[in-house]
Amino acid sequence: MRIWPIYKKELRLYFTSPVAYVLLTIFFLIAGYFFYSIFAFFTRASMQTAMNPQMGRDLNVTDSVLRPLFANVSVILLLLMPMVTMRLFAEERRAGTIELLLTYPVRDGAVLIGKYLAALTLYVVMLAGTLLYRRSSCTSPRSNGDRWPPATSVCC
């Protein structure tokens, strides 16, 4: 099946038009706001824990910052997903290339898989950017270096 040419064409269309950049900007702005507000709350709670150590027994970065952050990120992606996936065939119809695409010696399944993989790549790029949030949360006074496995399991 000829999935690779369709995948490359879709990725090129995403990143040569402002669609991917606008979606990435919207996603990173909203996710950054949530990360900042959740992390500011965690920092205040951490400072209060320094005054009363019994209060901070259950305070850690994974439960206090990353879990709520990725819960919010999943809702953001749920709202941004239709912006990417609904565009896949609508753009072909608008440009008038749907007839060419469907008459190529390529199966319909290969077209669907190629377009799906291109949209999935865009989502992977979005989620890869959230790894920076994890790295910046390692500078917290209450964080440990051994929190990577729970933090990566939150992403899945």
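The figures that follow rest on heavy atoms only: side chains count, while hydrogens, waters and symmetry mates do not. Along the sequence shown, residues are numbered consecutively beginning with 1. Because the structure is a prediction, the values reported are computed rather than measured.
- The CZ atom of Phe70 sits 10.5 Å away from the CD1 atom of Ile76 when rounded to the nearest 0.5 Å.
- Taking both residues in full, the closest heavy atoms of Glu10 and Ala118 are given as CB-CB, 3.4 Å, listed atom of the first, atom of the second, then distance.
- Each of Thr25, Ile26, Val19 was checked for a side chain to side chain contact (heavy atoms under 4.5 Å, CB included) with Val22, and the lone residue meeting it is Ile26.
- To the nearest 0.5 Å, the span separating CG on Leu117 from NZ on Lys8 amounts to 14.0 Å.
- For the residue pair Thr121/Tyr7, the side-chain donor-acceptor check at 3.5 Å is satisfied.
- Under the 4.5 Å side-chain heavy-atom criterion for Ile, Leu, Val, Met, Phe, Trp and Tyr, Leu127 and Leu66 are members of the same hydrophobic cluster.
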(message) Walk me through whether Asn72 and Phe35 qualify under side-chain contact (heavy atoms from CB on, under 4.5 Å).
(response) CA-CA 9 Å; Asn72 290 332; Phe35 176 73; over 6 Å; no

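- If you chain together hydrophobic residues whose side chains sit under 4.5 Å apart, Met47 and Tyr36 never meet in one group.
- Of all heavy-atom pairs between Leu122 and Ala20, the closest is CD1-CB, 3.9 Å.
- Leu80 is connected to Tyr21 through a chain of hydrophobic side-chain contacts under 4.5 Å among Ile, Leu, Val, Met, Phe, Trp and Tyr, so both are in one cluster.
- The OG1 atom of Thr49 sits 9.5 Å away from atom CE of Met51, with the distance rounded to the nearest 0.5 Å.
- The side-chain heavy atoms of Leu23 and Tyr14, taken from C-beta on, include no pair separated by under 4.5 Å.
- Applying the 6.0 Å contact sphere to OH of Tyr116 captures no more than 12 heavy atoms from other residues, nucleotides or ligands.
- Ile38 CD1 to Thr43 OG1: the interatomic distance, rounded to the nearest 0.5 Å, is 11.5 Å.
- Under a hydrophobic clustering in which Ile, Leu, Val, Met, Phe, Trp and Tyr are joined whenever their side-chain heavy atoms come within less than 4.5 Å, directly or via other members, Met81 and Leu79 fall into different clusters.
- Taken from CG in Leu11 to CD1 in Ile6, the straight-line distance is 12.5 Å, to the nearest 0.5 Å.
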(request) Using the side-chain contact (heavy atoms from CB on, under 4.5 Å) rule, take Leu77 and Tyr123 through it: C-alpha gap first, then chi angles, then the decisive distance, then the call. (result) CA-CA 8 Å; Leu77 284 177; Tyr123 290 124; 4.0 Å; yes

(request) Apply the test side-chain contact (heavy atoms from CB on, under 4.5 Å) to residues Thr130 and Phe27: give CA-CA distance (whole Å), side-chain angles for both, the deciding distance (0.1 Å), then the verdict. (result) CA-CA 10 Å; Thr130 60; Phe27 175 74; 4.0 Å; yes

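- For the atom pair CG of Leu69 and CZ of Phe42, the computed distance is 13.0 Å after rounding to the nearest 0.5 Å.
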